[in-house]
Amino acid sequence: MDYSNMTVNQAMVDDLVFEHEQEFAQEKIHHKSDMKKLKFAAEKRVCRSNWKEFANGMLTRHQVEETAIRMRYQECLHELQNKQELELGTLTDPDEIEACKARQQDEINIFTGRDDIVLKAKQQKESAELASKQKEELASLTATYDEKIAALPEGEEKDALVAEKKNALADLNRAQIHESANCVVNQKRDMTATHHYKQKQRSHKSSLRRNRIIVNTTIYIVLVILSLVWLSPFVLLVLQSFRNEVGSGGEIVRSMSGYVFTFNDDGSPALGWDNYIYLFTEETGFWRWYLNTFIIAVVVAAGVTVMTILTAYGLSRLRFRGRKLIMNLMLVLGMFPGFLTMIVLYWLLSWWGLTQEGALGGIMLVDIASSGMGYYVTKGFFDTIPRSLDEAARVDGATRLQVLYKVILPMSGPIIVYVVLTAFMGPWADYIMASYIAFKEPLTYNVAVGLYEWLDKDSIGSMFTIFCAGGVLVAIPVTILFMALQRFYVEGVTGGAVKG
């Protein structure tokens, strides 16, 4: 656009810049929408290339227009200042000169985008005139009544006129307050219509958007760094599990040297499945440990789920003497770590033949026996289910057990998943109790105890990469479970945290 013959003020400059920003933002939104509709990578590359050319052309055009309008604005400002100087030079009367200077300053303020200053001075003048007018009205009304009251003798008529004066002054005061409030509201509305206020709001929104981008970028950077810190041990574990050292004769040599990667004699990297294959040979016994762990975890998950649900249902729906005492007692006992009772548990289990050769049954019994004390979250979830459903089922003749598995359980999918996952995780990663009960009996080891045996000073040099492969295999089932049931797990935790 040609601005050479136009009178350009600051408002026109700011409006043009704002229009350019809005136009670019709108085109960017359209580009993102078009990118989402494309399916193939080649189409996306073409669309992205076309967008870059279009965006560069648009930004160049915007820059040229903004430069032209800013140059014309400076020329118009100089022309206005020169015109005002010539006009001021023709005046001789001091009062006229002062009035002309005030008017010219208002013109400059409006031209440079500070129309709020002009409006504010005008509003202050209006407020002062309104206050003066209200003061005169109040004084006139007071004088009128005082004159009438002074002309009357003492009596009921004078007292009535005094009361009338009081009411009239109160009415006038209320009317003046209302008038002042309307004036303030109108002034604020007029102020929001000024260009300076609009530009200030635009700058504020732009600042908020910029701050939001900075904050989000910082958060993403921190999260990426934390993710790298958290994932790096697992990544290194996986890489180490694939490491093989190949000797000069072609045999596999296992040791801790050459961390992460090793190389053949010809310089090629040695990476393979030999560690995983070696795990399931009779020499290691890993498959037996893995099977023991799986059996224990499945049985314990089933037993703990049943015990926890029954306990939580009874404490949530039934009211009996000693209920609060039982809940508080289990809460207090749950604060003590379980390994404080290891000696007593070992002697009891040893007396029943549930240690070493019978360690699988002992581990299951220990994990299931105390599971009822973990009722808190499950009870909280059951408390969110309306009791009116139980009452309706009871009226239809259902027993307490029928109410549980026909009414409560169908509505408690998330909390059941939560209980199963937590119950499965306990024995799957257990080391302290499992090593204590299955002491020196490799056939009843779980994977945690068995793998730890490879980390002693005699075995770590040759079994470290095998240990890493075993750690990867241990992590896979739990990772799959959590990824598949994550939504139900979160719903169970949040639902059970509502009431306690």
Side-chain angles (χ1 to χ4, degrees), residues 7 9-15 17-19 22 77 80-81 83-84 87-88 91-209 211-212:
T7 300
N9 55 21
Q10 185 64 42
M12 296 178 63
V13 177
D14 295 336
D15 289 342
V17 174
F18 179 71
E19 290 175 3
Q22 294 296 105
L77 181 60
L80 178 61
Q81 290 173 345
K83 180 181 177 181
Q84 289 179 348
E87 181 183 2
L88 195 61
L91 300 178
T92 56
D93 186 17
D95 294 336
E96 292 180 356
I97 292 175
E98 291 298 327
C100 183
K101 286 183 178 180
R103 179 175 53 79
Q104 290 179 353
Q105 185 61 44
D106 290 343
E107 291 178 358
I108 292 294
N109 287 334
I110 293 175
F111 193 86
T112 56
R114 293 310 304 268
D115 50 349
D116 61 311
I117 297 177
V118 180
L119 182 60
K120 188 175 182 179
K122 181 181 178 182
Q123 290 177 348
Q124 289 176 350
K125 184 178 179 181
E126 291 177 354
S127 299
E129 291 176 354
L130 179 61
S132 177
K133 181 175 73 70
Q134 291 178 348
K135 187 176 181 181
E136 291 177 359
E137 290 177 354
L138 187 60
S140 175
L141 183 62
T142 303
T144 301
Y145 273 100
D146 288 343
E147 184 179 353
K148 292 179 181 180
I149 292 172
L152 294 177
E154 298 293 335
E156 295 181 358
E157 186 177 357
K158 186 174 183 178
D159 294 340
L161 190 59
V162 171
E164 182 182 349
K165 173 189 174 183
K166 183 177 180 181
N167 294 332
L169 291 176
D171 293 339
L172 180 61
N173 188 31
R174 284 194 293 269
Q176 290 179 349
I177 292 174
H178 183 69
E179 186 179 9
S180 299
N182 287 336
C183 180
V184 172
V185 172
N186 293 333
Q187 288 178 353
K188 289 184 177 180
R189 184 180 64 249
D190 294 339
M191 186 62 72
T192 57
T194 60
H195 170 74
H196 177 73
Y197 180 84
K198 293 179 180 179
Q199 186 63 22
K200 191 176 180 179
Q201 290 296 107
R202 293 172 185 172
S203 301
H204 179 66
K205 291 180 180 179
S206 177
S207 176
L208 289 178
R209 185 167 59 254
N211 292 339
R212 184 171 63 252

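- Checked by atom type and distance alone, the side chain of Asn173 never pairs as donor or acceptor with a backbone atom of Leu169 at under 3.5 Å.
- Taking SG of Cys183 as the start and CD of Glu126 as the end, the distance is 6.0 Å to the nearest 0.5 Å.
- Taking all atoms of both residues into account, the shortest heavy-atom contact from Thr194 to Leu119 is CG2-CD2, 3.4 Å.
- Between Glu87 and Cys100, the closest side-chain pair of non-hydrogen atoms falls below 4.5 Å.
- If you take CG on Asp115 and CG on Asp106, they are separated by 11.0 Å, rounding to the nearest 0.5 Å.
- Take Asp15 and apply the salt bridge (charged side-chain N to carboxylate O under 4.0 Å, His left out) test, not counting sequence neighbours, and it matches Arg202.
- Around atom NZ of Lys133, more than 12 heavy atoms belonging to other residues, nucleotides or ligands sit under 6.0 Å away.
- Ion pairing between Glu107 and Arg103 holds under the 4.0 Å rule for side-chain N and carboxylate O.
- Note on Lys200 versus Asp116: no salt bridge recorded, every NZ/NE/NH1/NH2 to OD/OE distance being 4.0 Å or above.
- Taking both residues in full, the closest heavy atoms of Gln123 and Asp190 are given as NE2-CB, 3.9 Å, listed atom of the first, atom of the second, then distance.
- For residues 105-140, the pairs satisfying ring pair (Phe, Tyr, Trp, His ring centres under 6.0 Å) are Tyr73-Phe111, with sequence neighbours left out.
- Within 6.0 Å of NZ on Lys165 lie more than 12 heavy atoms contributed by other residues, nucleotides or ligands.
- Taking every heavy atom of both residues into account, Leu141 and Ala168 meet most closely at CD2-O, 3.9 Å.
- For the pair Ser207 (side chain) and Ser203 (backbone), a donor-acceptor distance under 3.5 Å is absent.
- The closest side-chain donor-acceptor pair between Gln201 and Thr192, if any, does not fall under 3.5 angstrom.
- If you take NZ on Lys101 and CD1 on Ile108, they are separated by 14.0 Å, rounding to the nearest 0.5 Å.
- Applying the side-chain hydrogen bond (donor to acceptor under 3.5 Å, both in side chains) test to Asp14 and every residue at least two apart in sequence or in another chain returns Gln10, His195.
- Rounding to the nearest 0.5 Å gives a distance of 10.5 Å between NZ of Lys188 and CE of Met191.
- Here the straight-line distance linking atom CD1 of Ile110 with atom CD1 of Ile117 works out to 10.5 Å at 0.5 Å rounding.
- Using a 4.0 Å cut-off between charged side-chain N and carboxylate O, Glu179 and Arg174 make no salt bridge.
- Under the 3.5 Å distance criterion, the side-chain polar atoms of Asn9 are matched with a main-chain donor or acceptor of Met12.
- Gln104 places a side-chain N or O within donor-acceptor distance of the main-chain N or O of Gln84, the cut-off being under 3.5 Å.
- Summarising the geometry of Gln134 relative to Gln176, their closest heavy-atom pair is O-NE2, 2.9 Å, with the distance given to 0.1 Å.
- The CD atom of Glu157 sits 11.0 Å away from atom CD1 of Ile149, with the distance rounded to the nearest 0.5 Å.
- A search for side-chain hydrogen bond (donor to acceptor under 3.5 Å, both in side chains) contacts involving Glu129 returns nothing, not counting sequence neighbours.
- A donor and an acceptor atom, one from each side chain of Ser127 and Gln187, are located under 3.5 Å apart.
- Looking at residues two or more places apart in sequence or on another chain, you find no ring-ring contact (aromatic ring centres under 6.0 Å, His included) involving Tyr145.
- Closest approach of Thr142 and Leu138 over heavy atoms only: OG1-O, 2.8 Å.
- For residues 159-179, no residue pair satisfies the ring pair (Phe, Tyr, Trp, His ring centres under 6.0 Å) rule, not counting sequence neighbours.
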